[in-house]
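Heads up, the thing below is written out as C-alpha cells.
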Amino acid sequence: MIDKLEFFIALAREKHFGRAAEDCGITQPTLSAAIRQLEDQLGVILVQRGSRFQGLTPEGQRVLEWARRIVGDARTMREEMRAARTGLAGHIRLAVIPTALAMVPRLTEPFQDKHPEVTFSVVSRTSLQVLSLLENLEIDAGITYLDNEPLGRVTSVPLYSERYHLITAAGAPLADRQSVTWREVSDLRLCLLTADMQNRRIINQHMAEAGVIPKPTLESNSMIVLFSHIRTGRWASIMPRNVAEAFGFPSQIQMIPIVEPDAEHTVGVVATHREPYTPLVSALLHEARRVAEREVF
C-alpha cells in the first residue's frame, strides 16, 4: 500500500504516467497497474483517463491528501528506527529562495558539526515552489519568507529580517546619499529578480506604496547575474543588505538604505507540520532555533 501511495503521489505531481514512472524507477505499465490496484483496493476511481493523464477525480484529490499524510508518517517511522539503530544520519533536501542562498551555511555548518553523517542538497526555488515541494514530499524543509504571503499548514522558525538597500557603484546617481526613497530608486537603471520571485513582489509592493512602478532594464532569477551586472557600474539593484555583504562587494560598491517606507521582512525555515517530525527535520528545526537565538544572520 505504501509503495502504491508513493506512485500515486508521483503521478499527481508529474501529471504524466511516463514521467511519474521514471521518477519512481519503474516501468509505465508497472505504475499503471499499481494505480489500478489501488483503485480496486479503495473502491473508487482516482484518475481521469483518456489517451493520457487528464487529472484526478474528486475522490483522487481526497486520497492524495491521505497519501501525503500516510507516506510522510511512514518515512518518519523508518527514519526514527534508523536513528535509533545507528544515530542521526541521512540526507536533508532543502529548497531556498534566491535571496537566502548565501545565508544557508550559517545553518548547515553548525548542523554538520553536530551530525557529520548527515548530508545536504540545496536548490534555489521561488517561495511558491518551496511550499509546493514541501506539500509533495519532494523536500524536507525550505527557507523562505514568513510574513508576506500565506504559508499554509507548515511549522516555521524565523531566522533573520531582510532590510532593503540600493546597491550601486560609487559615482553613480544617488551613490553619495545616506538614504534614498523607493520613489527615487525607481528612476534608476535597475536589474531585479524576475516577477515570479517573492522578493520582486515585495519590491513591487513597496514601490506601489510610493506611487511608482519599477521598470527594470534587466531581470534574472539568479542573484549571481544581478551581482555581475552591478559590478559593471552600469546597473543598480535593490537587495537585502545581508545578501550583498555575504557576496563581499568591493569598496567601490555602495549600499544605501531605502526609506519611505523603511521595509523589513522575515525569512525563516519551514517544514510540513506533523507530529512527530522525522529525526532529521526535528534536528534541523532545533538548529534553526539556536541560530536565530545567536542572531548571527
Side-chain angles (χ1 to χ4, degrees), residues 1-76 78-79 90-98 101 119-144 149-154 193-198 200-201 219-222 270-274 278 280-281:
M1 174 66 80
I2 298 297
D3 287 345
K4 292 170 188 171
L5 293 176
E6 293 255 23
F7 299 160
F8 182 59
I9 291 171
L11 178 60
R13 179 178 66 244
E14 298 296 335
K15 298 178 174 58
H16 187 279
F17 279 92
R19 289 196 299 269
E22 183 179 356
D23 187 59
C24 294
I26 58 175
T27 65
Q28 182 171 330
T30 299
L31 180 120
S32 297
I35 299 300
R36 289 194 182 278
Q37 290 168 11
L38 184 61
E39 290 177 324
D40 290 342
Q41 286 178 279
L42 297 176
V44 294
I45 300 299
L46 303 176
V47 179
Q48 297 175 3
R49 294 176 177 87
S51 58
R52 63 187 65 185
F53 178 85
Q54 295 180 350
L56 300 182
T57 64
E59 294 81 5
Q61 291 289 352
R62 185 68 181 125
V63 169
L64 179 61
E65 296 176 18
W66 277 103
R68 288 166 174 163
R69 190 182 314 173
I70 293 168
V71 169
D73 286 345
R75 291 181 182 178
T76 299
R78 286 195 292 263
E79 284 194 25
H91 187 73
I92 295 178
R93 302 161 299 169
L94 276 179
V96 183
I97 57 173
L101 284 169
T119 59
F120 284 87
S121 59
V122 180
V123 295
S124 175
R125 295 291 185 268
T126 69
S127 57
L128 293 178
Q129 289 171 335
V130 169
L131 297 178
S132 176
L133 291 170
L134 271 180
E135 183 180 48
N136 287 314
L137 307 179
E138 295 179 83
I139 58 172
D140 302 292
I143 299 179
T144 187
E149 295 179 354
L151 294 175
R153 187 173 169 77
V154 300
L193 287 173
T194 50
D196 59 328
M197 298 291 177
Q198 191 172 166
R200 174 61 182 280
R201 294 196 291 274
E219 297 175 307
S220 175
N221 62 0
S222 167
V270 292
T272 301
H273 182 76
R274 65 161 33 95
T278 68
L280 289 174
V281 170

- Student check: side-chain heavy atoms of M1 and L38 closer than 4.5 Å: yes
With distance as the sole test, does T57 use its side chain to make a donor-acceptor pair with the main-chain N or O of I45 at under 3.5 Å?
-> yes
Counting C-beta onward and ignoring hydrogens, is there a side-chain heavy-atom pair between K15 and F53 closer than 4.5 Å? yes
Rounded to the nearest 0.5 angstrom, the CD1-CD distance for I70 and E65 is 11.5 Å
Minimal heavy-atom distance between V281 and A271, with the atoms involved, is CG1-CB, 3.8 Å
CG (L11) and NZ (K4) are apart, to the nearest 0.5 Å, by 15.0 Å
Under 4.5 Å between any side-chain heavy atoms of L137 and R75, yes or no?
yes
For V270 and L134, run side-chain contact (heavy atoms from CB on, under 4.5 Å): C-alpha distance rounded to whole Å, both residues' side-chain angles, the deciding distance at 0.1 Å, then the answer. CA-CA 9 Å; V270 292; L134 271 180; 3.7 Å; yes
**Message:** Just so I know, are the side chains of L5 and W66 near enough to count as touching, which here means a heavy-atom distance under 4.5 Å?
**Reply:** no
Value for OG1 (T278) from CG (D140), rounded to nearest 0.5 Å, stands at 6.0 Å
Do the side chains of V123 and V96 get nearer than 4.5 Å, heavy atoms only? no
**Asked** Can you check salt bridge (charged side-chain N to carboxylate O under 4.0 Å, His left out) on E22 and R19, steps first, answer last?
**Response** CA-CA 5 Å; E22 183 179 356; R19 289 196 299 269; over 6 Å; no
Check your understanding: Can you find a heavy atom in the side chain of I139 that is under 4.5 Å from one in the side chain of L94?
Key -> no
List the steps, then state whether side-chain contact (heavy atoms from CB on, under 4.5 Å) holds for L46 with L56. CA-CA 6 Å; L46 303 176; L56 300 182; 5.6 Å; no
Of all heavy-atom pairs linking R68 and N136, the shortest is NH2-OD1, 2.6 Å
Nearest heavy-atom contact between P150 and L131 is O-CD1, 3.7 Å
Original post:
Under the salt bridge (charged side-chain N to carboxylate O under 4.0 Å, His left out) criterion, do E39 and R49 qualify, and how do the steps go?
Top reply: CA-CA 13 Å; E39 290 177 324; R49 294 176 177 87; 3.1 Å; yes
Residue pair F7, I26: steps toward the side-chain contact (heavy atoms from CB on, under 4.5 Å) verdict:
CA-CA 9 Å; F7 299 160; I26 58 175; 3.8 Å; yes
So OG1 of T27 and CZ of F17: to nearest 0.5 Å the spacing works out to 12.5 Å
Keeping S132 on the side-chain end and L128 on the backbone end, is there a donor-acceptor pair under 3.5 Å?
no
Q. Would a 4.5 Å heavy-atom cut-off, applied to side chains only, mark T272 and V154 as touching?
A. no
Separation between CD (E14) and CD1 (I9), nearest 0.5 Å, reads 12.5 Å
Of all heavy-atom pairs linking A10 and D23, the shortest is CB-OD2, 4.3 Å
Q: Report the C-alpha separation of D73 and R69 in whole Å, then their side-chain angles, then the decisive distance to 0.1 Å, and conclude whether the side-chain contact (heavy atoms from CB on, under 4.5 Å) test is met.
A: CA-CA 6 Å; D73 286 345; R69 190 182 314 173; 4.2 Å; yes
Query raised in the report: Under 3.5 Å, is there a donor-acceptor pair between the side chain of R93 and the main chain of S121?
Result: no
Residues S127 and T144: closest non-hydrogen pair is CB-OG1, 3.2 Å
Do V63 and L42 have side-chain heavy atoms sitting under 4.5 Å apart?
yes
Note to self: For the backbone of T126 and the side chain of Q129, can you confirm whether one donor and one acceptor N or O come within less than 3.5 Å of each other?
What the structure shows: yes
Shortest non-hydrogen pair, L133 vs A95, comes out as CD1-CB, 4.0 Å
message: For a salt bridge (charged side-chain N to carboxylate O under 4.0 Å, His left out) check, start with the C-alpha distance between E219 and R200, then their side-chain angles and the critical distance, and finish with the verdict.
response: CA-CA 10 Å; E219 297 175 307; R200 174 61 182 280; 2.5 Å; yes
